[in-house]
Amino acid sequence: MKTLSEILSQITAPDEAARAACLGRWDGLAKPLGSLGLLESALARVAAVTGDVDVSLDRRTLLVLCADNGVVAQGVTQCGSDVTASVARALAAGESTVCHMAKTARCRVVPVDMGMADFSPTPGVWDCRVRNGTADITQGPAMTRAECVRAIELGAELVRRCREEGASILATGEMGIGNTTTSSALAAALLGVPVESVTGRGAGLSDAGLTRKIAAIKTAIALNRPDPADPIDVLAKVGGLDIAGLCGVFLGGALYRVPVIIDGFISGAAALCAARLRPGAEFAMLASHVSAEPAGGLMLEALGLAPLLTAGMRLGEGSGAVALLPLLDMALAVYHSGQTFGRLGIDAYTPQ
């Protein structure tokens, strides 16, 4: 397994020749230039990641990183941490919400234990445990810096493993009660914006619950003083193991040249951490949808990425990332159709 310093130093630039060739093939198809919009640029991005103009996304894996967060003790959620493990087991059994979506999208679902509280080994759940849940960020750092680095390294290793198993694209998801709180803390610290502007109701908090959540995040930031210039410091102090692991997945995508789909707010926070750690690593990322959480759009704007879907989703589990796959399939159907201007006997469109 590569160390974090190796991961960061070995990421290379995207293949711009492959991107240009992909866009050229799009322009040769019998349709107005650029008329499929973000679908065209998405496949061109995939070509730039893989270096292959004959884009194929036949082997898909959704990685759902699961971990528990000590901040739940502050009443920032409407359910307890035991739900994390319950959903992880449902994911392994193919019974969780995203599993039904993934079947339609021909996507394998892999839950990963990054640090669920008191979780016993379960068939179908990959074991990448770093510690038994994180500490309450209102009382001190969520984890040590070393633990955070370990989680990032394990995330990148997941990409290497999936690539060896033949994955051509990865979708990201998460499960961890309390992780909209940690993600909001990350957003406030990294973007330098007021806590209120990036904090939402998560799975359905009342007004009182939202007030407690905002207060907890403000306390955590004031107490831990995360350094926005040091993404690892921010992750370790006010983040979570699921987010740190996802940060590693996004870095691993850039390193091992596997496109990785961002899901919503939480994986967007992880993607932003990855881009802050290794500027330019976002070349391997695809934005699926803009989350209904307040900071969902802010994360994508900071990454310079445009979402292909706007559906008001806020489920998590990778549901938005998986929802993008059928849309990419339709783009691929056109891309590989061979319906060129010459084949149809009409003059090609040219820029006017």
(Q) Quick one: does any side-chain atom of Thr134 pair with a main-chain N or O of Asp68 as donor and acceptor, under 3.5 Å? (A) yes
Q: Apply salt bridge (Lys or Arg N to Asp or Glu O under 4.0 Å) to Asp207 and list each qualifying residue two or more places apart in sequence or on a separate chain.
A: Arg201
(Q) I need the full list of side chain to side chain donor-acceptor pair (under 3.5 Å) pairs touching residues 189-198, with sequence neighbours left out, sorted by first then second residue. (A) Glu196-Lys218
Q) Can you check whether Ile262's main-chain N or O pairs, donor with acceptor, with Ser288's side chain at less than 3.5 Å? A) yes
Q.
Tell me which pairs pass side chain to side chain donor-acceptor pair (under 3.5 Å) where either residue lies in residues 295-309, with sequence neighbours left out.
A. none
Q.
Do Val71 and Ile221 sit in one hydrophobic cluster, given that two such residues count as connected whenever their side-chain heavy atoms are within less than 4.5 Å of each other, even indirectly?
A. no
(Q) I'd like to check Ile169 versus Leu286 (side-chain heavy atoms, cut-off strictly below 4.5 Å). Are they in contact? (A) yes
**Q.** Cluster overlap Met114 with Val72, hydrophobic side-chain contacts below 4.5 Å
**A.** no
Show every donor-acceptor pair shorter than 3.5 Å between a side-chain atom in residues 251-259 and any protein atom, with sequence neighbours excluded, or say none if there are none.
| unit_1 | atom_1 | unit_2 | atom_2 | d |
| --- | --- | --- | --- | --- |
| Arg257 | NE | Val49 | O | 2.9 |
| Arg257 | NH1 | Thr12 | OG1 | 2.7 |
| Arg257 | NH1 | Ala13 | O | 3.2 |
| Arg257 | NH2 | Ala13 | O | 3.0 |
| Arg257 | NH2 | Ala48 | O | 3.4 |

(Q) Does anything in residues 143-153 form a side chain to side chain donor-acceptor pair (under 3.5 Å)? List the pairs, not counting sequence neighbours. (A) Arg131-Glu147, Thr144-Glu147, Arg145-Asp230
Q: Answer whether the closest heavy-atom distance between the side chains of Leu4 and Leu8 falls below 4.5 Å.
A: yes
(Q) For the CG atom of Leu205 and the OG1 atom of Thr77, what is their distance to the nearest 0.5 Å? (A) 7.0 Å
Q) In Å and rounded to the nearest 0.5 Å, what is the CG to CG distance from Leu332 to Asp54? A) 11.0 Å
Q. Is there a donor-acceptor pair under 3.5 Å between the side chain of Asn224 and the backbone N or O of Pro226?
A. no
Q: Quick one: pull up CG in Leu325 and SG in Cys107 and give me the separation to the nearest 0.5 Å.
A: 5.5 Å
Q: Look at the side-chain heavy atoms of Ile, Leu, Val, Met, Phe, Trp and Tyr, link any pair under 4.5 Å apart, and say whether Leu57 and Val249 land in one connected group.
A: no
Acceptor/donor pairs from residues 91-99 side chains to any protein atom, 3.5 angstrom cut, sequence neighbours excluded:
| unit_1 | atom_1 | unit_2 | atom_2 | d |
| --- | --- | --- | --- | --- |
| Ser96 | OG | Glu317 | OE1 | 2.6 |
| Ser96 | OG | Glu317 | OE2 | 3.2 |

Q) Looking only at heavy atoms, which two atoms of Met313 and Ser319 are closest? And how far apart? A) CE-OG, 3.6 Å
Q: Drop me the distance from Asp27's CG to Cys22's SG, to the nearest 0.5 angstrom.
A: 10.0 Å
Q: Check salt bridge (Lys or Arg N to Asp or Glu O under 4.0 Å) between Lys237 and all other residues, then give those that pass, not counting sequence neighbours.
A: Asp233
Q) Is Leu210 reachable from Val193 through a run of hydrophobic residues whose side-chain heavy atoms are each under 4.5 Å from the next? A) no
**Q.** Gap between atom CD1 of Ile243 and atom CD1 of Ile152 - 0.5 Å precision
**A.** 11.5 Å
Q) Between Glu164 and Arg161, does at least one N-O distance fall below 4.0 Å, as a salt bridge requires? A) no
Donor-acceptor pairs under 3.5 angstrom involving side-chain atoms of residues 263-275: please list them, not counting sequence neighbours.
| unit_1 | atom_1 | unit_2 | atom_2 | d |
| --- | --- | --- | --- | --- |
| Asp263 | OD1 | Gly320 | N | 2.8 |
| Asp263 | OD1 | Ala321 | N | 3.1 |
| Asp263 | OD2 | Gly318 | N | 3.3 |
| Ser267 | OG | Asp263 | N | 2.7 |
| Ser267 | OG | Gly264 | N | 3.3 |

Q: Please step through side chain to side chain contact (heavy atoms under 4.5 Å, CB included) for the pair Leu154 and Trp126, ending with a clear verdict.
A: CA-CA 11 Å; Leu154 287 167; Trp126 289 7; over 6 Å; no
Q) Are the side chains of Thr138 and Leu223 in touch, meaning some heavy atoms are under 4.5 Å apart? A) no
Q) Do Thr180 and Lys213 have a side chain donor and acceptor closer than 3.5 Å? A) yes
**Q.** Listed once per pair and sorted, the ring-ring contact (aromatic ring centres under 6.0 Å, His included) pairs that draw on residues 10-42, sequence neighbours left out
**A.** Trp26-Tyr335
Q.
Once ring-ring contact (aromatic ring centres under 6.0 Å, His included) is applied, what residue pairs with a partner in residues 159-200 remain, sequence neighbours excluded?
A. none
Q) Donor-acceptor pair, His289 side chain versus Leu324 backbone, under 3.5 Å? A) no
Q: Identify the two heavy atoms, one from Gly245 and one from Leu65, that lie closest to each other, and give their separation to 0.1 Å.
A: C-CD2, 3.3 Å
Q. Does Thr50 offer a backbone N or O that forms a donor-acceptor pair with the side chain of Asp15 under 3.5 Å?
A. no
Q: Could you go through the side chain to side chain contact (heavy atoms under 4.5 Å, CB included) check for Thr181 and Asn69 one step at a time?
A: CA-CA 9 Å; Thr181 300; Asn69 302 280; over 6 Å; no
Q. Has the side chain of Arg59 got a donor or acceptor atom that lies under 3.5 Å from a matching backbone atom of Glu165?
A. yes
Q.
Test of understanding: with salt bridge (Lys or Arg N to Asp or Glu O under 4.0 Å), list the residues that count as partners of Arg129, not counting sequence neighbours.
A. Asp113
Q: Please tell me if the side chains of Arg106 and Arg60 come closer than 4.5 Å, counting only heavy atoms from C-beta onward.
A: yes
**Q.** Same cluster (ILVMFWY, side-chain, under 4.5 Å), Ile177 and Leu315
**A.** no
Q) With side chains defined as the heavy atoms from C-beta onward, is the minimum distance between Thr61 and Arg108 less than 4.5 Å? A) yes
(Q) Minimum heavy-atom separation for Gly115 and Leu241, please, with both atom names. (A) CA-CD1, 3.9 Å
Q: Report yes if the side chains of Val198 and Met299 come closer than 4.5 Å at any heavy-atom pair, otherwise no.
A: no
Q | Residue list, salt bridge (Lys or Arg N to Asp or Glu O under 4.0 Å) with Arg276, at least two apart or on another chain | A | none
Q) What is the minimum heavy-atom distance between Ala331 and Leu39, and which atoms define it? A) CB-CB, 3.9 Å
Q: Examine distances only and state if a side-chain atom of Asp227 and a backbone atom of Ala229 form a donor-acceptor pair shorter than 3.5 Å.
A: yes
**Q.** side chain to side chain contact (heavy atoms under 4.5 Å, CB included) partner of Thr84, the single match among Arg89, Met116, Glu174
**A.** Met116
Q) Measuring from Leu23:CG to Leu33:CG, what's the distance to the nearest 0.5 Å? A) 11.0 Å
**Q.** Beyond-backbone contact of Leu63 with Thr172, side-chain heavy atoms, under 4.5 angstrom
**A.** no
Q.
Quick one, Glu6 with Met1, criterion side chain to side chain contact (heavy atoms under 4.5 Å, CB included). Give me CA distance, side-chain angles, the key distance, then yes/no.
A. CA-CA 10 Å; Glu6 289 172 332; Met1 186 171 71; over 6 Å; no
Q. How close do Leu190 and Val234 get, heavy atom to heavy atom, and via which atoms?
A. CD2-CG2, 4.0 Å
Q: Flag the pair Arg45 / Arg19 as yes when at least one side-chain heavy-atom distance between them is below 4.5 Å, and no otherwise.
A: yes
Q: Specify the closest pair of heavy atoms between Ala151 and Ala244, including all atoms of both residues, with the distance to one decimal.
A: CB-CB, 3.7 Å
